[in-house]
> 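Mind having a look at this structure? Questions to follow.
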Protein chains: 4
Amino acid sequence: MATVINNTMLDAILADVRPLIGRGKVADYIPALACIPGNKLGIAISTVDGQHYSAGDAHERFSIQSISKVLSLIVAMNHYKEEEIWQRVGKDPSGQPFNSLLQLEMEQGIPRNPFINAGALVVCDMLQGRLSAPRQRMLEIVRKLSGKTDISYDAVVARSELDHSARNAAIAWLMKSFGNFHHDVATVLQNYFHYCSLKMSCSELARTFLFLADRGRAPHLTSPVITPLQTRQVNALMATSGMYQNAGEFAWRVGLPAKSGVGGGIVAIVPQEMAIAVWSPELDDAGNSLAGIAALEKLTRQLGYSVY
Amino acid sequence: MATVINNTMLDAILADVRPLIGRGKVADYIPALACIPGNKLGIAISTVDGQHYSAGDAHERFSIQSISKVLSLIVAMNHYKEEEIWQRVGKDPSGQPFNSLLQLEMEQGIPRNPFINAGALVVCDMLQGRLSAPRQRMLEIVRKLSGKTDISYDAVVARSELDHSARNAAIAWLMKSFGNFHHDVATVLQNYFHYCSLKMSCSELARTFLFLADRGRAPHLTSPVITPLQTRQVNALMATSGMYQNAGEFAWRVGLPAKSGVGGGIVAIVPQEMAIAVWSPELDDAGNSLAGIAALEKLTRQLGYSVY
Amino acid sequence: MATVINNTMLDAILADVRPLIGRGKVADYIPALACIPGNKLGIAISTVDGQHYSAGDAHERFSIQSISKVLSLIVAMNHYKEEEIWQRVGKDPSGQPFNSLLQLEMEQGIPRNPFINAGALVVCDMLQGRLSAPRQRMLEIVRKLSGKTDISYDAVVARSELDHSARNAAIAWLMKSFGNFHHDVATVLQNYFHYCSLKMSCSELARTFLFLADRGRAPHLTSPVITPLQTRQVNALMATSGMYQNAGEFAWRVGLPAKSGVGGGIVAIVPQEMAIAVWSPELDDAGNSLAGIAALEKLTRQLGYSVY
Amino acid sequence: MATVINNTMLDAILADVRPLIGRGKVADYIPALACIPGNKLGIAISTVDGQHYSAGDAHERFSIQSISKVLSLIVAMNHYKEEEIWQRVGKDPSGQPFNSLLQLEMEQGIPRNPFINAGALVVCDMLQGRLSAPRQRMLEIVRKLSGKTDISYDAVVARSELDHSARNAAIAWLMKSFGNFHHDVATVLQNYFHYCSLKMSCSELARTFLFLADRGRAPHLTSPVITPLQTRQVNALMATSGMYQNAGEFAWRVGLPAKSGVGGGIVAIVPQEMAIAVWSPELDDAGNSLAGIAALEKLTRQLGYSVY
């Protein structure tokens, strides 16, 4: 590794990308997200050898939104056999906006992958079938992975999402019409929006997702979260479908498996090395954090990180 | 590395996947491809430390088809500035079949990436603008990279493609209607089909693409083919768009940047380690070599290779 | 008029088309429709000068299904100003299957016309806003127009539709996401399915729709149902969008404004002359009554009827 | 007929709609059309009982553009059996812009109807197969129908179209890829653009198309142009597909079979009564003459004309 990571270096990267603030757009489809200040900027790194680095607003919690889609997939992988999951959702990039119905209709209600809304809703529908209290269970998992017992849902955000849930309801009903949605739509949407409303900081996200950099093992837990093979598979899915329709552009610029959320967070994985989390609420046209991607690009260029 | 590579091990892998032969379908859209025996099966590996391994029909030449799209992109990267290329073609997965016009129409004639037909045609249109003899030049490059001076175009295949070129002509004309195609359609199609008709063996492909595993340097050449950064970028593009609409499924199963062709060949890259080429003419529904993917999956599982 | 209409002639037409029975397919998306015998065949005519003719199963009631979309539009035209209606739904052929979401998504939740499901659901949403008891009101209207006080909803069919309403729910929710659906989805679907479940015979349908052949006036009612201009407009809409995606083929073969339903009924209008209703439950690929269209074609050819 | 037609009345209608000039947009995709003054406005009527009326610029020739698609269909109907034509082109509204490839790709190269570009190109491809000199033959027909021997192609417009023909070339090649285009693309495009470039006045158009109002007979010709049944069929096709994607809106407002061209002309038929031609070069969003439609609407409302 040519350069050594330290907090000063992270400070410098944030300083470099801060001028981008103002060029993106804070998600405004629900009031509870629209009111987040656009100038928040944070980064945190957790390494497999136990180091933690951070800079900027790395300890302020925000709405993780679609980053939760990785967590719900992990939980599903713990409760369902591989073929049970992948007969109901694909593994390929969609090439469409994350909330599109077009492709879903043409492909008979089978979502392209678990990281677009339709796919995540199918995953939540699965969880509803095997977990007695899906919301409580997710909290337990996130608290265990992050080591923070006060992580919780943002009731205001969850409520706000539910008040603006018409399109996701349409997606769920369309899948139901094809037989690929089994439980009550309103109940599953409730869970889905609660997962999206999880409030976590960059620092907590980096710790939580460290297992994806460490062959499925979280350092402070005795049993692995998932197997080494599953870890590679989830990372592969993030690499090809984790950044909405800009997976290719992101791979080109950053070269790491990653998952973003419209709250402005991104979690990226350097396999065998570290988990990185960035946060900047202003989004680009595809719904990814504009300054967040730039910070990851700077960091990986500087450190020579890229899986490719 | 847990296992040592050797020819015996490659033989065993081919024996393992050979039962898949009969489950796919040899490309039949042109007669010259349809007549290839479906039971051909070969694999070859070239490592950055100078080793070469092979098994099966690794020394028999076949039509590399879309694998040539990587080569034409490399040539374009040598003759055009980055922004000149990427304002005319995107970097993201298309989510559509490789010869679809639908997306191209909706996105105003800008192809999603250079590995679908539309994107490769735009790249060929670029080459037409800066190379005095695009076909001769490509031959020189491939011969230099592979070290084999007798590599050549298959005139019968090129002719056959041209006789069945209506859809690619439609794609080129549609891009012309949007101002994203500058030269004579028939001329550029001629070049494009010649590139597709290149005949190479697995062994030659592994050597030719070794530079993508070695930061852009071909071992026997004094000057690098592309820069280390460009190497990572091309690999990133292969990882997200190299396997037609099955990039995600392939990443999940194999976990390597790769490019396939309807001739049944696949080239995969283990960064910093090796280039792998497989060949089996029978294709799956997405147009990728069925037994070829299975062989790569076995190999990478066995060796623990995956970029993720 | 070259030929005189009489019941014998209608009998002959039914005999001519009866051999087509067996070539179509009874609608099977809900059990309550799937169990209807495919060999039912009836025709009825009501003329503006007070004559009534019929043949076959003309007096047996069946589920009028989408034919009710004309009635709900008529009721909306009685309760809303022209611009209030047409800012929420278009007047043009959709070119898509009747329950497609694709176009609805691309066109921001504005259905192409009131005779596809999405459009009819918007109309029902309007009725919910201005009628105190939309289901009771529709019954009153149909009973008044037909002169039959025992016409009613088929509770089994309505229930069965509701049990299979996922796709229509998806359509309604998608429109809600674009702000083009104002009331409770479940409530409006209930009304919509009840309208579809109306049971009427050919004879009753011909009488009910006679006002569309008589400049908006029903012979036995003192006040007009709609104005002469509105009558021409509704007929125009039926002519261009009344037969799902086969409006052009139907115009070519039959040449009359018409509306079909998946129960196998079709109502056709000869302006200034008569209303015709046919019934044969087996449908063609577009969802229109196969033998029903053939009977209308024979009748119009024989009588020289065509608006074109 | 409540009102008597006369030139004064037509003058009044033109005066009424003239204020609309300035609200539309002259077709600008080729320079030769873009230079036409937007304030041209003309109307002409030919009746089956031998009367001719006109007002405004009714005697100035303009580019008839897509109105020629009716003429080429008529010629095809004279040279091919019914089933030969309709197995290669449909009869239904497309619901898409007139030059869309999307639907054509999804429907395997079979255009929805002969009045969108793809359909008209298929018709021209047919003519190329049975006429020795398709361009000369069309001139003869138009001159015979109109009685004007100096009607001719506008070479500048035809040339200009050919210089901007990329999209139509894409359409033709796409159909060729599906086996639905048999002759040389460039040759057929040449014919197609020549037909579009025909220069005719409103007065000449009304006379030329009078046979569609008179059961297929042109008053001054001994043999019928087409049969009475074919006449109804062509009118039906115009009614459902003659006004690009606004067939329904036009039927609602005007209620007559009609065909428009991007030169700003519209021909409308009152069956058994008359042919009407209007001209105003400014187009609405769908590509139809804005003031032209308004003039037809006023005229038909005033006279109580509507087929519905």
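Residue numbering restarts at 1 for every chain, and letters A, B, ... go by the order of the sequence lines.
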> Using a 6.0 Å distance limit plus a 45 degree cone around the ring axis, check whether B:Lys91 lies over the aromatic ring of B:Phe115.
no
> How would you list, in number order, the residues of residues 75-83 of chain B that have a heavy atom less than 4.5 Å from chain A?
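B:Met77, B:Glu82 fall under the 4.5 Å cut-off.
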> Give, for atom OG of A:Ser260 and atom CD1 of A:Ile293, the distance between the pair rounded to the nearest 0.5 Å.
7.0 Å
> Side chain, backbone, both or neither: which part of B:Leu212 has a heavy atom under 4.5 Å from chain A?
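Answer is neither: B:Leu212 stays 4.5 Å or more from chain A.
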> Looking at side-chain heavy atoms only, is the closest gap between B:Leu210 and B:Pro219 below 4.5 Å?
yes
> If you look only at pairs with a residue in residues 105-115 of chain A, which of them pass as a side chain to side chain donor-acceptor pair (under 3.5 Å), with sequence neighbours excluded?
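For residues 105-115 of chain A: A:Glu105-C:Arg167, A:Glu107-A:Arg112, A:Asn113-A:Ser241.
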> Between B:Lys69 and B:Ser66, is any side-chain donor less than 3.5 angstrom from a side-chain acceptor?
yes
> Measuring from atom OG of A:Ser223 to atom CZ of A:Arg217, what distance do you get when rounded to the nearest 0.5 angstrom?
12.0 Å
> Contact part of A:Ile269 toward chain B, heavy-atom cut-off under 4.5 Å: side chain, backbone, both or neither?
neither
> With side chains defined as the heavy atoms from C-beta onward, is the minimum distance between A:Asn180 and A:Pro111 less than 4.5 Å?
yes
> Does a side-chain heavy-atom distance below 4.5 Å link A:Met9 with A:Gln302?
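The answer is yes, as the side chains (C-beta and beyond) meet within the 4.5 Å cut-off.
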> Name the member of B:Val307, B:Asn235, B:Val254 that forms the most heavy-atom pairs with chain A at distances under 4.5 Å.
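If we count pairs closer than 4.5 Å to chain A, B:Val307 comes out on top.
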> Could you check which of A:Thr240, A:Leu237, A:Asp92 has the highest count of heavy-atom pairs closer than 4.5 Å to chain B?
A:Asp92
> Tell me whether A:Lys25 is salt-bridged to A:Glu282, with the criterion being a basic N under 4.0 Å from an acidic carboxylate O.
no
> Considering only heavy atoms and a distance below 4.5 Å, find which of B:Gly90, B:Ala247, B:Pro228, B:Ala213 pairs most often with chain A.
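Between B:Gly90, B:Ala247, B:Pro228, B:Ala213, the count favours B:Ala247.
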> At a 4.5 Å cut-off on heavy atoms, which part of A:Pro271 comes close to chain B: side chain, backbone, both, or neither?
side chain
